[in-house]
Q: 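This is the structure, below, for whatever I ask next.
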Amino acid sequence: MTTCLLLSSLSCSTRQSQSESSAGAGLRQIVDDAGRHISIPAKVGRVVSLAPNLTEILFAVGAGNTLVGDTTYCDYPAEAKGIEKVGDTLHPSLERIIALSPQLVLVSTASQLEVFTEQLKAHNIEVFVTDPKDLEGVFRSVTQIGDIVGKTSEAKSLVDKLRERAANVESAVRPLPRVRLFYQLSAEPLYTAGHDSFVTDLINRAGGESVTASVPGAWPKYSAESALAAKPDAIILPTGGSMGEGNSMVAEALRNSPAAQRGRVYKINDDHLVRPGPRAVDGLEEMAKALHPDAFQQ
Amino acid sequence: MLEVHELTIRYADRVAVREASLSLQGGKVTALIGPNGAGKSTLLRALNGQLKPAGGSILLNKESLERFSRRAIARQITVVAQESELRFPVTVIEFVLGGRFVWANNSGWGWESEHDLEVAESVLAETELRELSGRLMSELSGGERQRAVLARALATEAPILLLDEPTANLDLSHQATLLASVRKRCDSKNAAALVVTHDINLASEFADVVVLMKAGELVQTGTTREVLTPELLEKVFDVSVLVDAHPISGVPRVTPVHETLRHFENQ
Amino acid sequence: MTTALLSIRQGRVTLRKTMVWCAALIVALLLTVLIAALIGSEKLPTNASACSILSVGMNPCGLTRDQLDILFQIRLPRILLAAAVGGSLATAGASYQALLRNPLAEPYLLGVSNGAAVGTMLALVFFGTFEWSRPFMAFVGSLLATFAVYRLGRGRVGATPERLILAGVIVTTLLSSVIVFVTTLMDATRIRSFTFWLLGDLSGANRRLLPLTISVAVIGTVILTLNARSLNLLMLGERDAFDLGVEVSRVRITVFLVASLLVGSSVASSGSVGYVGLVVPHLARLSLGSDNRISIPSAAILGALFVIIADTVARTIIAPRELPVGAITALIGAPLFIYLLKRD
């Protein structure tokens with residue numbers, strides 16, 4: 001008993017001295033979405049973002065000036081295009097990142113950069129992994145990032161605004177019957193959103209019910225006959241954003257679906273639907289308005 | 001049947017055959033002998049149209065060889081050469097029936113007729129391969145396979161046979177039998193045969209006409225007695241030879257005399 | 001004499017043998033088409049479906065509009081495409097193997113498939129909406145690839161089969177990297193992902209191009225079968241074939257052209273489905289002998305069977321999700337090929 005007390009007081013004092021020394025050196029400890037313990041300066045001023053949604057979040061909390069490097073896919077807001085590029089989301093250049101001497105690199109697990117993370121750590125560059133699986137996860141990412149770059153209050157007010165907008169949408173559609181819809185990621189071959197996809201959460205909140213919500217995986221290749229048999233009442237076509245103008249036609253198998261016959265085919269900017277960032281709420285609103293136009297007559 | 005006038009063939013920038021003239025007549029076996037690189041096989045390859053001559057002409061039954069289609073030539077002239085590597089399993093009968101393709105009505109299709117089968121069976125008998133007809137070619141010995149190649153050539157019923165070193169891989173026993181089949185074909189069906197060979201004595205025994213070739217030129221053409229003389233042979237082969245009469249058949253028998261034998265002479 | 005005749009004749013292929021065997025295979029194919037049409041990610045009433053299929057769509061037999069659509073607009077076109085692709089690739093493979101005298105020659109290894117893939121990609125990029133550009137550019141692509149392989153493979157002694165296969169492997173790997181490179185850079189919805197090109201996908205059974213693909217498969221197989229006897233001789237050696245009256249260059253050009261057409265039309269509609277051109281002809285020859293008069297048409301029908309079965313597995317095993325058909329043909333084909341190699 002006494003030994004435990006002794007030991008715990010010893011470790012307590014070591015921790016104290018550690019935090020004292022950390023505080024002294026201006027470092028603090030945080031935990032990222034992968035459960036990793038990160039050591040970062042109290043105020044981070046040089047950040048590299050390796051995902052478009054994280055870039056959007058940084059600008060949205062007013063910390064665009066901390067961004068020293070981002071990916072070729074980071075195109076929003078317009079200022080993001082002018083930031084130094086370190087490569088794409090799948091194969092960023094280690095050398096470029098090191099050359100920019102960032103204090104922190106922000107990573108999205110969607111990019112599968114586990115190996116890369118190890119390499120950066122070996123060069124003493126800290127990596128913060130975010131993993132927003134749904135809208136709640138986005139709010140969490142905004143808060144975390146705001147905290148990291150010293151924009152806590154801006155982040156909080158942004159999250160509050162976004163939450164309010166989302167709540168408005170959800171309450172407007174709550175009393176209405178859910179619309180059965182098919183999310184068409186691409187027509188040929190036919191790909192859709194599965195159980196683990198980010199957009200499935202948005203669909204739920206928007207008053208929709210994805211017919212493929214229980215299919216395992218995030219973006220499964222789907223059987224044409226099952227799509228036909230599902231007879232969705234609405235079809236969402238993500239298009240016009242980073243995806244370009246492709247995917248603007250309904251797949252062959254859905255040409256005679258109730259959705260197509262009633263003209264309930266909605267094109268929505270794909271960046272509003274698959275990037276776990278502030279614009280996801282735009283996507284939520286757009287989907288909800290398309291699915292339940294009567295609920296939003298103002 | 002086949003007449004060659006002043007034929008010149010170029011091969012890889014040099015002249016392989018220079019102004020060669022010879023004639024193959026029905027019923028006669030012609031042996032073409034000479035050292036390696038003399039151009040014997042090249043000349044043979046030109047005779048069935050495979051190599052295009054740079055000069056001179058080849059007349060098949062008094063018409064220029066160039067006028068004939070591939071199939072028409074193959075009906076008149078057949079080749080027995082070293083067997084190609086067999087990469088797919090094929091039975092002896094299928095192999096030999098390949099010789100009947102020249103008589104098929106359509107170009108690439110068609111099935112063997114009764115007559116085709118009869119011809120195949122008779123050539124298999126002629127080459128002593130009847131018992132092996134159902135076996136795979138890969139199961140046969142080297143000598144048996146060479147006989148199958150001859151059988152296939154005989155199956156085409158072409159009156160002109162060109163044979164390129166047909167006895168090269170055969171046992172002694174089979175060498176004579178193969179050439180005997182050729183001889184028989186020439187005698188019974190008035191076929192003409194040209195045999196390129198290294199074996200001078202075998203040529204001496206079976207040939208009516210011998211052609212001596214060196215460095216692309218035909219040095220001498222004539223009967224065995226006329227051509228197989230020590231002077232000519234020494235000039236062409238660069239080795240001393242002894243020519244006597246074969247004890248049984250009486251045809252010229254050629255024995256090369258090497259340096260090592262000299263000291264026996266002095267004893 | 002008669003008994004001797006009988007014994008000699010047993011070892012070879014006759015017209016009758018070929019007709020009987022091909023008829024049996026065609027029956028098996030039709031049965032497989034029927035059964036495959038009754039299987040899918042959506043359950044349809046078996047008797048009613050069979051009744052409707054056998055009436056060639058005339059009689060709905062009590063099926064709903066949607067069920068009829070699934071059967072006749074989605075499943076059957078896909079099965080027919082599978083048959084056409086399988087038949088085309090197997091026939092092309094069998095012909096290459098005979099011509100190049102190598103049991104390992106097949107459209108993928110020879111660079112022909114990837115050439116067709118690059119051609120189709122270009123068609124999608126530049127002439128996206130004009131569907132007929134795809135098989136055409138695919139054909140051009142496979143011809144160019146064949147030409148490149150032939151030039152590369154030509155040594156001093158001419159193009160030996162070994163050199164050609166080596167050249168083919170070089171061209172194939174080069175073109176594979178091109179495909180991955182382009183698909184990574186470009187918008188995947190326009191030109192399909194590289195899994196489509198390198199693993200095949202029959203879900204895009206385009207009804208407008210299907211008649212073309214089927215016609216090409218049938219006509220191509222017929223033309224190559226009509227050259228089967230020449231190919232038998234070519235299989236024994238080009239020089240032998242020449243001596244025995246075969247017009248070697250004419251047959252070679254015909255085979256290359258027709259095989260390129262077959263591969264081109266398959267790849268244009270479904271990407272590269274591997275192993276069909278390798279395993280199926282091998283199987284056909286192993287059981288029927290090397291005579292191309294029977295092994296080429298048999299390979300065609302067996303190839304159709306093989307791909308129909310593989311695709312049925314690909315579209316049902318993780319239903320409602322789908323696997324690329326090339327993954328299944330590889331899973332079946334690779335162990336089968338190893339087994340065949342060991343038997344030889």
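Lettering follows sequence order; numbering is per chain, from 1.
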Q: Is C/Arg315 in contact with chain A via its backbone, its side chain, both, or neither, using a 4.5 Å heavy-atom distance?
A: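 Side chain only.
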Q: Output the distance between atom CD (A/Glu225) and atom CD (C/Glu42), rounded to the nearest 0.5 Å.
A: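 A/Glu225 atom CD to C/Glu42 atom CD measures 6.5 Å (nearest 0.5 Å).
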Q: Which one wins on heavy-atom pair count under 4.5 Å against chain A: C/Pro324, C/Pro320, C/Ala319?
A: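 It is C/Pro320.
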Q: How many angstroms lie between atom CG of A/Leu228 and atom CD1 of C/Ile74, to the nearest 0.5 angstrom?
A: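 The CG atom of A/Leu228 sits 4.5 Å away from the CD1 atom of C/Ile74.
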Q: Any chance you could measure C/Ser203, atom OG, to A/Glu188, atom CD, to the nearest 0.5 Å?
A: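 The OG atom of C/Ser203 sits 7.0 Å away from the CD atom of A/Glu188.
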Q: Taking NZ in A/Lys133 as the centre, count heavy atoms belonging to other residues, nucleotides or ligands within less than 6.0 Å. Is the count above 12?
A: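 It does not: A/Lys133 NZ has 12 such atoms or fewer within range.
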Q: Pick from C/Asp201, C/Ile318, C/Leu323: which one makes a side chain to side chain contact (heavy atoms under 4.5 Å, CB included) with A/Lys221?
A: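 Testing each of C/Asp201, C/Ile318, C/Leu323 against A/Lys221, the sole residue satisfying side chain to side chain contact (heavy atoms under 4.5 Å, CB included) is C/Asp201.
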Q: May I ask you to check whether over 12 heavy atoms, not counting those of A/Tyr73, lie within 6.0 Å of atom OH?
A: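 Atom OH in A/Tyr73 is not packed in, count stays at 12 or less.
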Q: Report the distance from atom CD of C/Glu322 to atom OH of A/Tyr191, rounding to the nearest 0.5 Å.
A: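 The CD atom of C/Glu322 sits 9.5 Å away from the OH atom of A/Tyr191.
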Q: More than 12 foreign heavy atoms under 6.0 Å from CD of A/Glu95: is that the case here?
A: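 Open.
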Q: Roughly how far apart are C/Arg75 CZ and A/Ser223 OG, rounded to 0.5 Å?
A: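 One gets 8.0 Å once the value is rounded to the nearest 0.5 Å.
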Q: More than 12 heavy atoms of other residues, nucleotides or ligands under 6.0 Å from CZ of C/Phe136: is that the case?
A: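 Incorrect, the count does not exceed 12.
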Q: Mind ranking A/Ser257, A/Ala251, A/Pro216 by heavy-atom pairs under 4.5 Å with chain C and telling me who comes out on top?
A: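 Top count of heavy-atom pairs under 4.5 Å with chain C: A/Pro216.
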